[in-house]
Amino acid sequence: MHRYIVTRLLLAVPTLAGAAALVFILMRLIPGDICVIRMGAGGAHVSQAAVELCHRQLGLDDPMIVQFFHFLLSYVTFDFGNSMWSGNPVSQEILLRLPVSLEVAILATVIAILIAIPLGTLSALRENTILDHVVRVVAIAGIATPSFWLGIMSLILVLNVTSMVSGKPWLPPIDYVSLWQDPLRNLSIVLLPALTVGYRYSAVTMRLTRSAMLEVMREDYIRTARAKGLLEQIIVNRHALKNALLPVVTLIGIEFAFLIGGLVITEQVFNLNGIGRLLVQAVQNQDNVLAQALVMLVVVVFVLTNLVVDVLYAWLDPRIRYS
């Protein structure tokens, strides 16, 4: 097992290096100049000499290969540098925004699990019934609905319901408060976006759970055990549920990794000051250092999550061997 983990970690090195090269190239293909944007705010005139001085201060006049080397070196030494826009350390900018995105991602993953696994299992056990059709419609609607539209509709629904109940419309507060400081206020901020994201991600997991359950329940040994009586059926159904949930575990892990960096639209709709919104601001401001750090953070989370899921997958299913 230890050899397997070490091998996977070593294989992650070229993956991270390739992702770093891709991010580095794409950020420099975006039109614009951070020096012009930063010094020309408000329509002020910017001289060429001032732009060149800004380029030297930010290291933008160095050859691309040198910039890429410094970029890689910063991640090896865990020194991510300073934001090209604000001048603050990149690690500080990320740590200020990470709790918001992390809390929404964790809560949305829990909501997705609570929705998807029970409904997907019931849909498989009641195949081709009204319940099955309803669950499938709910899942397809979740996959087909754009996240920004779902977020806007949820806000409108909250406004209408609170207006009818109390006579005064209510929306979640904008300023973020940590869970330990004020739990009720914190949940009022993150619960609605977590429900919105959790429902969308539960749709895919729901369909996968149903398909996996049906595949396992159609095996010959399941049919034989069912023919022997109710007790054997209950035992086998538990075994079938365990085998069916193995691919679901993988999907949930991957979804969580995507959620960390995939909250861009949700955070914009709900005005959450998290990682997703910070990435949008970094790209708009041509802040290559900060944008590269945020994208690489998502890549690292994705790679590590896949490693944890693979190890957990092999631990849950003894037929899988570490190699």
Side-chain angles (χ1 to χ4, degrees), residues 101 103-158 160-161 187 190-219 222 236-270 272 276 298 301-302 305-306 308-310 312-313 316-317:
S101 298
E103 184 179 355
V104 174
I106 293 174
L107 189 57
T109 304
V110 172
I111 291 172
I113 294 172
L114 294 177
I115 295 174
I117 293 181
L119 290 183
T121 303
L122 288 174
S123 179
L125 295 175
R126 300 290 184 267
E127 185 183 9
N128 294 326
T129 62
I130 295 179
L131 176 61
D132 181 28
H133 294 309
V134 170
V135 171
R136 291 164 68 181
V137 168
V138 171
I140 293 174
I143 296 173
T145 306
S147 57
F148 72 90
W149 185 87
L150 190 61
I152 293 173
M153 289 300 103
S154 63
L155 288 174
I156 294 175
L157 178 63
V158 169
N160 290 334
V161 171
L187 288 177
V190 302
L191 186 58
L192 192 57
L195 283 170
T196 303
V197 177
Y199 166 60
R200 291 200 72 248
Y201 276 87
S202 70
V204 180
T205 311
M206 201 184 306
R207 290 181 62 83
L208 179 61
T209 304
R210 179 184 181 275
S211 301
M213 279 291 296
L214 289 175
E215 182 179 351
V216 173
M217 292 174 63
R218 286 167 182 166
E219 296 287 343
I222 297 287
V236 173
N237 277 344
R238 289 179 180 176
H239 180 67
L241 180 60
K242 175 186 174 182
N243 289 341
L245 290 182
L246 288 177
V248 178
V249 171
T250 304
L251 180 63
I252 291 172
I254 295 173
E255 284 181 350
F256 177 73
F258 275 121
L259 272 172
I260 296 297
L263 294 173
V264 175
I265 297 177
T266 302
E267 290 181 355
Q268 290 290 107
V269 172
F270 290 96
L272 294 176
V298 177
V301 171
F302 184 82
T305 303
N306 271 275
V308 172
V309 168
D310 287 344
L312 182 61
Y313 200 101
L316 287 173
D317 192 344

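Side-chain atoms are counted along with the backbone in the values below, which use heavy atoms only and exclude waters and symmetry mates. The model shown is predicted, which means the values in this text are computed figures rather than measured ones.
In this structure the side chain of Ser101 reaches within 4.5 angstrom of the side chain of Glu267, judged on heavy atoms.
Separation of atoms OG1 (Thr129) and CG (Leu122) is listed at 9.5 Å; rounding is to 0.5 Å. One distance of note links CG of Leu125 with CG of Leu131; it measures 9.5 Å at 0.5 Å rounding. Taken to the nearest 0.5 Å, the CD1 atom of Ile113 stands 10.5 Å off from the OG atom of Ser202. To the nearest 0.5 Å, the span separating CG on Leu208 from CD1 on Ile117 amounts to 10.0 Å. For the atom pair OG1 of Thr266 and CG of Leu192, the computed distance is 10.5 Å after rounding to the nearest 0.5 Å.
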Using atom types as modelled, flag every donor-acceptor pair under 3.5 Å from a side chain in residues 134-154 to any protein atom, sequence neighbours excluded.
unit_1: Thr145; atom_1: OG1; unit_2: Ala141; atom_2: O; d: 2.5
unit_1: Ser154; atom_1: OG; unit_2: Leu150; atom_2: O; d: 3.3
unit_1: Ser154; atom_1: OG; unit_2: Gly151; atom_2: O; d: 2.6

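The salt bridge (Lys or Arg N to Asp or Glu O under 4.0 Å) pairs that include a residue from residues 109-125 number zero, where partners must be two or more places apart or lie in different chains. Within the structure, every pair that satisfies the salt bridge (Lys or Arg N to Asp or Glu O under 4.0 Å) test and touches residues 116-127, not counting sequence neighbours, is listed here: Glu127-Arg218.
Smallest separation of non-hydrogen atoms from Gly198 and Ala112: O-CB, 3.5 Å.
Leu107 is linked by a side chain to side chain contact (heavy atoms under 4.5 Å, CB included) to Ile111, Val190, Leu191, Ala194, counting only residues two or more places apart in sequence or in another chain.
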